[in-house]
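The residues of the chain are indexed from 1 along the displayed sequence. All heavy atoms count here, side chains included; hydrogens, waters and symmetry mates do not.
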Amino acid sequence: MKKKVKRLSVVALAVVTLAVLTGCGTEKVSASASKNQEVHVAVVLGAHVNSPCVNLKLIQDVIYQACYSQGSVTLVVDDGEPYCTAINIPSQEKHLSKSKYDQIAKKQTKKILKLASSMKSRTAQVDSIKSVQRAARALNSVEQKGKGDTELVRKLIICDNLLSTTGVLSFVDYNLNTADAEDVTTQLKELDEIPQLDGISVTAYNVGDTAGQQKALPETSRKNLKAVWNSIFEAGNAKKVQFKDNLPLSSTYDKDSMPTVSPITVVQSSMEIHDTEDVNEAFADGGVLNFDETSIAFHEGTAELADEESASKALQYVTEYMNQYPDFKLVVCGTTACWGGEDYCKKLSLERADTVCELLEKEGIDRSRIKNAGVGYSFADFYTYDQKPDGELDETIAKTNRSVKLVDWDSDTANKILKLE
């Protein structure tokens, strides 16, 4: 893939008096930076419609540290073509008092936060790998200004959900429920796309938080998303990696004034369903309810249920939900591992979907409300790559691809499935 490299715009910060920024943090800023440190910071801003508004309070202290130590700040907006603004903190006269350094740093911090608040996505979609790469390159290119006894500190701060939708890492193409962190990282290594983070500390805020048209992620998907990014950061030799969760979320962006970002299909495990409310939540906004081999098992290579009673029990809350909402219609979609040829797999997956439809019929659901479909391994939203380098099947991943998935007939997800027939 040919990479496009944009020139960083450099903003020289003058020392000017600024009004207090509304909604961008408190007046009190801790003087936690040492004059024996030179702090350089790169911030990835998730200023796009599928992520909550960036909470600038999260970066206020670290920006202050960079200003106080006369380092640098780079702001990167995570969108389809990430763009940057690099801010070189001007050196101050050495005879100034500590309180004067503090005063100047606070003014510079406010100016940078104001700039950050104005930076929004310009291009459709989100390419998070490219954003992190740009931030890493900025940190790797800094030259120490201070003497040899000054410690060079480089920090990468991410204020984004990291739900990338385009580029070499697109979660539109990965099932987050089953994505394997090691496999994703291996593929990125082969493409030489791992960001170089040697000596850089990484802190990521609100990874997996959603807004706009993006359905909330179930806990399994959130954990897998963090595992993938943690693996990527570690592969890049990051000095330290932290994920900060359970933080208060700010408002959301106006979708009519921002470029579009494709929502990622959310697949929820049937093991997380405990009542009809859970079923309703799983189907909302095109969500998918997944039944793998642990809940609905078939005899190998057939559409015959291994345990019909167990399968019927697994579908209990779906049956109750459909009885509770008689206008609700369902698409039952079978999927397979990549083994045996595409036509064979589509046929087998269709037959397995039909078996589940018949099971729902036995439980009193009218067949006119159920549509069967079989996609084998040909539907990217549902398939996780399950081939080893030698062409053999990776059974650990393959077993997650052997499943039956349920989705609201009237959803966009169902429409995409039915178009494949």
Side-chain angles (χ1 to χ4, degrees), residues 6-33 38-49 51-79 81-92 96 99-123 126 131 134-135 138-139 142 154-161 203-206 209 211 244 247-254 257-259:
K6 294 183 179 179
R7 188 182 301 275
L8 298 181
S9 60
V10 180
V11 179
L13 288 179
V15 180
V16 294
T17 303
L18 295 170
V20 176
L21 289 178
T22 303
C24 289
T26 60
E27 266 296 280
K28 185 178 180 181
V29 183
S30 62
S32 55
E38 184 178 304
V39 181
H40 296 268
V41 179
V43 183
V44 174
L45 301 167
H48 52 84
V49 292
S51 188
C53 288
V54 175
N55 183 351
L56 295 178
K57 290 181 181 179
L58 300 175
I59 62 173
Q60 180 170 318
D61 277 357
V62 74
I63 297 297
Y64 170 83
Q65 291 168 21
C67 293
Y68 186 86
S69 67
Q70 299 163 51
S72 67
V73 176
T74 300
L75 303 174
V76 182
V77 172
D78 190 10
D79 66 3
E81 285 291 340
Y83 68 94
C84 311
T85 297
I87 303 121
N88 189 38
I89 312 298
S91 298
Q92 304 301 329
L96 297 177
S99 62
K100 187 63 177 177
Y101 273 117
D102 178 62
Q103 181 184 1
I104 293 171
K106 285 180 178 178
K107 289 180 179 180
Q108 292 171 330
T109 298
K110 289 177 181 178
K111 185 164 187 176
I112 294 172
L113 291 174
K114 184 176 182 180
L115 174 62
S117 70
S118 70
M119 295 176 70
K120 304 289 190 298
S121 65
R122 298 173 178 173
T123 310
V126 175
S131 295
R134 299 202 73 168
L139 291 172
V142 299
R154 294 176 296 163
K155 298 183 178 183
L156 170 57
I157 310 297
I158 298 170
C159 298
D160 185 30
N161 60 20
T203 302
Y205 292 99
N206 298 121
D209 289 331
K244 301 287 189 178
L247 298 167
L249 301 180
S250 51
S251 57
T252 58
Y253 295 104
D254 179 10
S257 62
M258 304 274 278

Q | 4.5 Å side-chain heavy-atom contact, Thr203 and Lys244 | A | yes
Q. So which of Thr123, Asp79, Asp160 actually passes side-chain hydrogen bond (donor to acceptor under 3.5 Å, both in side chains) with His48?
A. Asp160
Q) If only atom types and distance count, is the side chain of Asn161 paired as donor or acceptor with the main-chain N or O of Asp209 below 3.5 Å? A) yes
**Q.** Min side-chain heavy-atom separation Leu96-Ile104 under 4.5 Å
**A.** yes
Q) If you take all heavy atoms of Ala211 and Pro52, which pair is closest and at what distance? A) CB-N, 3.8 Å
Q | Taking every non-hydrogen atom, the tightest pair across Pro259 and Ser121 | A | CD-OG, 3.3 Å
**Q.** Shortest non-hydrogen contact between Ala47 and Met258, atoms and distance
**A.** O-CE, 3.1 Å
Q.
Distance check, rounded to the nearest 0.5 Å: Gln108 atom CD versus Gln103 atom CD?
A. 11.0 Å
Q: Output all residues satisfying side-chain contact (heavy atoms from CB on, under 4.5 Å) with Ser131, sequence neighbours left out; order by chain, then residue number.
A: Val44, Val76, Asp78, Pro82
Q: Not counting sequence neighbours, which residues clear side chain to side chain donor-acceptor pair (under 3.5 Å) with Lys120? List them please.
A: none
(Q) On a heavy-atom basis, which atom in Ala138 and which in Val142 lie closest, and how many Å separate them? (A) O-CG1, 3.4 Å
(Q) Give me the atom names and distance for the closest heavy-atom approach of Tyr253 to Ser51. (A) CD1-O, 3.6 Å
Q: Evaluate the side-chain proximity of Ile59 to Val41: yes if any heavy-atom separation is below 4.5 Å, no if none is.
A: no
Q: Compare all side-chain heavy atoms of Val43 with those of Val54 and state whether any distance is below 4.5 angstrom.
A: no
Q. Looking at residues at least two apart in the chain, or sitting in another chain, which of them share a side-chain contact (heavy atoms from CB on, under 4.5 Å) with Ala116?
A. Leu45, Leu56, Leu75
Q: Of all the heavy-atom pairs spanning Leu139 and His40, show the shortest one and how long it is.
A: CD2-O, 3.5 Å
Q: Working to the nearest 0.5 Å, report the span between SG of Cys67 and NZ of Lys111.
A: 11.0 Å
(Q) So if I apply the side-chain contact (heavy atoms from CB on, under 4.5 Å) rule between Tyr64 and each of Ile112, Leu113, Val39, Thr109, which one comes out positive? (A) Thr109
